[in-house]
Amino acid sequence: MLDKPQSLPEHPNPMSELAKAYEPQAVEEKWYAAWLEAGCFRADENSEKEAYSIVIPPPNVTGILHLGHVLNNAIQDILARRARQEGKEVLWLPGTDHAGIATQAKVERELREKEGKTRRDLGRDEFLKRVWDFKNTHGDIIIKQLKRLGCSCDWSRERFTMDAEYTRWVSQVFVDLFNEGLIYRGKRMVNWCPVSLTALSDEEVIMKASRSKLFTMKYELAESPGEFIHISTTRPETLMGDVAIAVHPKHPKYAQWIGKMVRRPFPEALIPIIGDEMVDLEFGTGALKITPAHDKVDFEIGKKHGLEIIDVLHPDGTINCPALPEFHGLDRFVARRAAAAKLEEMGLLIGIEEYENNVGYSERADVPIEPRISMQWFLRYPEIAKSTDAVASGDIQFRPERWAKTYAHWMENLQDWCISRQLWWGHQIPVWYRKDNFESLKNAESLDTSHTSNKSHPDLYVGVEPPADPENWIRDEDVMDTWFSSWLWPFATMSDVGENSTTLKKFYPTADLVTGPDIIFFWVARMIMAGYRFGGGLPFKNVYFTSIIRDLKGRKMSKSLGNSPDPIDLMDKFGADGLRFGLMRIAPVGADVRFDVATVEEGRNFANKLYNACRFRQMDGNEFAPLPAVKGLPVYHIQVMSKLDQLAEDLNGIYAEYRFGEIAQRLYEFLWNDFCDKWLEAVKADLRESATAEARAAALGTFDAVMSRYLQLLHPYMPHVTEELSERMNYVASGEFVMRKTLPEKPLLAEFSAAETEAAQKQAAAIYETAGRLRNLKAEYNLGSRKDVRFVMKGAVAWLSNELNVLALLAGSTEILVDDSYEAPKGTPAAVTPVGEAYMPMEGLIDVEAERVRISREIEKMRIEVTKSEGKLGTASFVDRAPPEVVAQEKERLEDWKTKLAQLGEMLEALR
RNA sequence: GCGCGCUUAGCUCAGUGGUAGAGCACAUCCUUCACACGGAUGGGGUCGCAGGUUCGAACCCUGCAGCGCGCACCA
């Protein structure tokens with residue numbers, strides 16, 4: 001028993017150094033700290049290296065990480081880390097967004113709940129102080145979470161959209177566009193949120209299919225009592241604001257009444273019937289009540305016909321109609337029922353029907369918005385033509401490409417952007433009104449500077465700095481839409497106003513933008529326009545649109561549904577690497593993804609597999625083993641190296657196409673199938689005590705050569721575990737990092753000819769396949785776990801004798817003999833393999849009847865195949881017109897089937 | 001209404017004209033000294049439906065259906 005030393009002095013039980021299962025938590029934290037410490041993420045704007053840059057889509061400063069962020073930022077981190085490996089100088093610029101409405105709403109809610117106060121109770125200055133406090137307390141949560149994920153951002157350059165320098169940029173852009181006449185103020189119909197009490201842009205309104213009621217009512221003609229015009233509406237509560245009834249000029253019944261007056265029931269008034277082609281003849285009764293203050297179409301019609309505008313709603317959505325005390329102050333939805341009831345009481349309500357229509361909701365407050373006329377600031381977009389063309393021509397490449405169409409459609413139908421918000425948290429509009437004249441300026445119908453230039457308007461001051469005599473001026477109270485700062489992000493984060501910084505010169509334009517398709521309009525399109533106008537050119541070259549993550553039922557992740565797993569919990573359980581890898585592996589290009597925790601578990605398992613493969617290697621120590629000359633190495637080594645070379649080469653192409661899921665899949669398959677299941681099993685003999693020193697050196701050398709490169713390839717996806725293992729296996733010099741290592745220039749098998757590689761590959765593949773066939777034989781006879789099974793090979797290929805040990809090891813067999821004179825006893829299980837006929841002597845233990853049944857079944861299957869194949873080859877059109885190699889392949893197949901069929905027939909015969 | 005996308009194994013998804021795939025789940029076996037977060041073997045699919053093109057279609061074309069998402073001034 002004691003024929004070997006109990007332990008080798010140089011490797012005193014090395015396995016004990018590593019826990020059996022990989023435990024990511026401590027490892028991940030350790031490496032992130034080490035990278036920061038060593039400045040691995042810092043971008044050098046003076047570097048000679050080729051630049052590569054990404055700006056992060058800034059998350060809301062008080063937000064918390066969700067799976068969408070994880071996917072999005074994992075992709076950016078992968079791109080950044082890969083670019084560093086390619087020898088580029090990488091800037092991944094991080095930061096956060098002040099998120100006007102969202103943040104202000106949070107603070108207001110807290111204020112209400114804790115102190116029972118509103119923001120107006122505090123006043124603007126005090127309230128803003130509270131928001132800043134809130135930001136300072138909660139603002140770095142998401143940043144910490146991104147760090148936990150392993151994001152390699154240059155944190156020394158972190159920006160916030162409300163930083164002083166950034167704010168100067170926002171103001172400057174406003175001033176420039178104002179002076180150019182592209183920004184104007186005016187009374188327009190805007191989307192009003194009755195909860196947030198602010199105007200919104202069209203993009204912030206979400207149309208939702210809603211079940212509404214369509215009320216049909218009748219108005220009496222003033223001149224001919226007893227005659228009525230019928231009108232349908234979903235909004236009877238705005239009836240008090242009706243100023244006309246519109247009908248289509250070709251309406252068969254009502255057209256004749258155009259010009260007559262009808263009686264508005266309450267408050268009673270006479271309003272005209274007008275004719276307008278915008279009225280749909282088909283819809284409802286073909287007559288439309290016109291409430292210019294509360295509907296976009298009505299507003300247009302009203303303007304055309306010079307109608308009065310009667311606003312019957314307060315900003316908070318309650319009725320404003322002192323003439324009708326019973327309605328005055330009622331909520332709009334309560335008033336709707338009340339108005340219907342009153343119409344019914346007056347005998348004017350004809351019917352109510354259930355009706356499905358689209359209602360615009362406020363994105364943030366999730367309540368129906370109110371079309372409302374109010375004084376707002378608007379922007380006519382700059383650089384529209386150039387920006388449209390940039391994407392159409394491919395100067396900016398969208399991936400997937402189809403989003404370019406969505407972009408083009410939006411660009412072609414641009415509406416002026418309402419940029420003012422009636423909030424306090426944000427960039428205040430840099431416009432001051434002369435105090436003396438404030439009231440008239442405040443209500444001036446238009447301050448459109450395309451007609452009146454700023455310079456010639458003595459009562460208006462527009463500037464980045466406050467006026468020199470502030471006591472004489474009153475500043476506009478509104479702030480700007482958050483996106484009015486976001487659209488400057490790619491260059492305003494890299495420079496100060498008017499400055500052509502070295503960072504900007506080196507890193508602008510950025511290479512890739514990674515974001516969700518839901519903000520093409522909000523952000524992507526506007527950044528392109530701003531980039532052209534203010535950044536000095538296109539802001540990015542590629543835009544990668546990520547998948548939207550849904551739950552298993554296909555619903556969007558949302559807090560209220562509670563179907564959104566907390567990424568931090570997932571990282572606690574499975575590690576950041578596991579989460580990243582799992583998510584990347586299922587994220588398809590362009591389509592939505594249904595998230596399943598199981599995929600994250602897979603990612604964790606994968607990290608564990610990798611860890612254990614290295615742990616196995618460490619049984620032989622962790623000194624880096626140099627690779628012996630590759631010529632003359634066993635075919636298994638050549639094969640695994642060529643697979644790795646192939647993987648490395650293929651990844652270049654797949655990265656170029658941004659197919660991140662496929663990269664993960666390929667990395668997974670190589671490690672698990674090619675490396676662990678096949679190669680590592682095949683070389684176990686070479687690592688036994690009994691193996692020769694040469695064999696051991698070759699195996700260890702191959703392991704280290706392949707694994708060290710593989711860890712590099714995997715690093716962008718699983719940065720922590722690859723760093724940990726590279727250190728433990730001494731693949732990087734002490735104090736160095738795998739993340740800083742550039743990819744090797746030459747493949748492992750650079751000195752091999754294609755033919756040599758192929759020959760080795762074929763041999764190795766033949767052995768692996770044969771091993772599978774032999775295991776299969778064992779399993780069919782329920783001997784899967786038996787180690788004492790022997791095989792006999794007949795008609796074996798010449799080289800097989802050298803590989804019998806490996807084959808036996810892989811097949812789980814004590815012995816494999818090559819014996820052409822072997823006469824199989826009747827009923828001996830047999831299989832055709834790429835290296836010869838294999839027999840599994842059973843010494844008469846098998847159930848002959850069962851075996852006959854099995855073989856008969858297989859013969860049936862195979863006959864079907866043969867018939868199919870013969871039929872195909874008997875078709876003249878196929879033989880004549882298909883490519884020769886396809887026909888040859890088919891013939892070869894048929895021969896194979898026939899041979900097997902004959903063998904099976906013999907076996908069946910033998911059993912008789 | 002217009003546009004876009006999706007439909008492949010029980011589930012999540014690969015698969016761009018040549019023998020239908022992976023992971024999970026399932027079944028059987030294996031706690032063999034890298035890994036049970038593991039290994040081995042296996043069962044499971046008329047590729048949404050109907051036409052067409054082609055020697056050959058999951059793949060290309062047409063139509064239809066179902067689902068999802070954008071856009072739109074249907075009160």
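Convention: sequence-line order gives letters A, B, ...; per-chain numbering from 1.
A search for side chain to side chain contact (heavy atoms under 4.5 Å, CB included) contacts involving A:Glu669 returns A:Gln665, A:Arg666, A:Asn673, not counting sequence neighbours. Residues that satisfy the side-chain hydrogen bond (donor to acceptor under 3.5 Å, both in side chains) test with A:Trp410, not counting sequence neighbours, are A:Glu203.
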Original post:
For nucleotides 21-27 of chain B, read 5' to 3', which letter fits each nucleotide if B means a protein heavy atom sits under 4.0 Å from the base, S means only the sugar-phosphate is that close, and - means neither?
Top reply: -SSS---

Contacts under 3.5 Å, N or O only, protein and nucleotides 68-72 of chain B:
from: B:rA72; atom 1: N6; to: A:Asn358; atom 2: ND2; distance (Å): 2.5

Pick out the pairs of N or O atoms, protein on one side and nucleotides 16-20 of chain B on the other, that lie under 3.5 Å.
from: B:rU19; atom 1: O4'; to: A:Arg893; atom 2: NH1; distance (Å): 3.3

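In this structure, A:Lys573 reaches neither bases nor backbone, as no heavy-atom distance under 4.0 Å exists between it and the strands shown. The residue A:Thr233 sits close only to the backbone: its heavy atoms come under 4.0 Å of sugar-phosphate atoms, none of a base. A:Thr875 comes within 4.0 angstrom of no nucleic acid atom, judged by non-hydrogen atoms across all strands.
Taking only distance into account, the side chain of A:Lys20 never meets the base of B:rC35 through a donor-acceptor pair shorter than 3.5 Å. A donor-acceptor contact under 3.5 Å links the side chain of A:Arg604 to the base of B:rC37.
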Return all side-chain donor-acceptor pairs below 3.5 angstrom for residues 808-815 of chain A, not counting sequence neighbours, or 'none' if the list is empty.
from: A:Ser813; atom 1: OG; to: A:Val789; atom 2: O; distance (Å): 2.9
from: A:Ser813; atom 1: OG; to: A:Glu815; atom 2: N; distance (Å): 3.2
from: A:Ser813; atom 1: OG; to: A:Glu815; atom 2: O; distance (Å): 3.1
from: A:Thr814; atom 1: OG1; to: A:Val789; atom 2: O; distance (Å): 3.2
from: A:Glu815; atom 1: OE1; to: A:Arg790; atom 2: NE; distance (Å): 3.1

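Look at the P atom in both B:rA57 and B:rG52: the space between them is 12 Å, to the nearest Å. Across B:rG21 and B:rG38, the matching P atoms stand 24 Å from one another, rounded to whole Å.
Remark: B:rC6 base-pairs with B:rG66; criterion is Watson-Crick or G-U wobble with both hydrogen-bond distances under 3.5 Å. Pair assignment for B:rG45 gives none, since no Watson-Crick or G-U wobble pairing has each distance under 3.5 Å.
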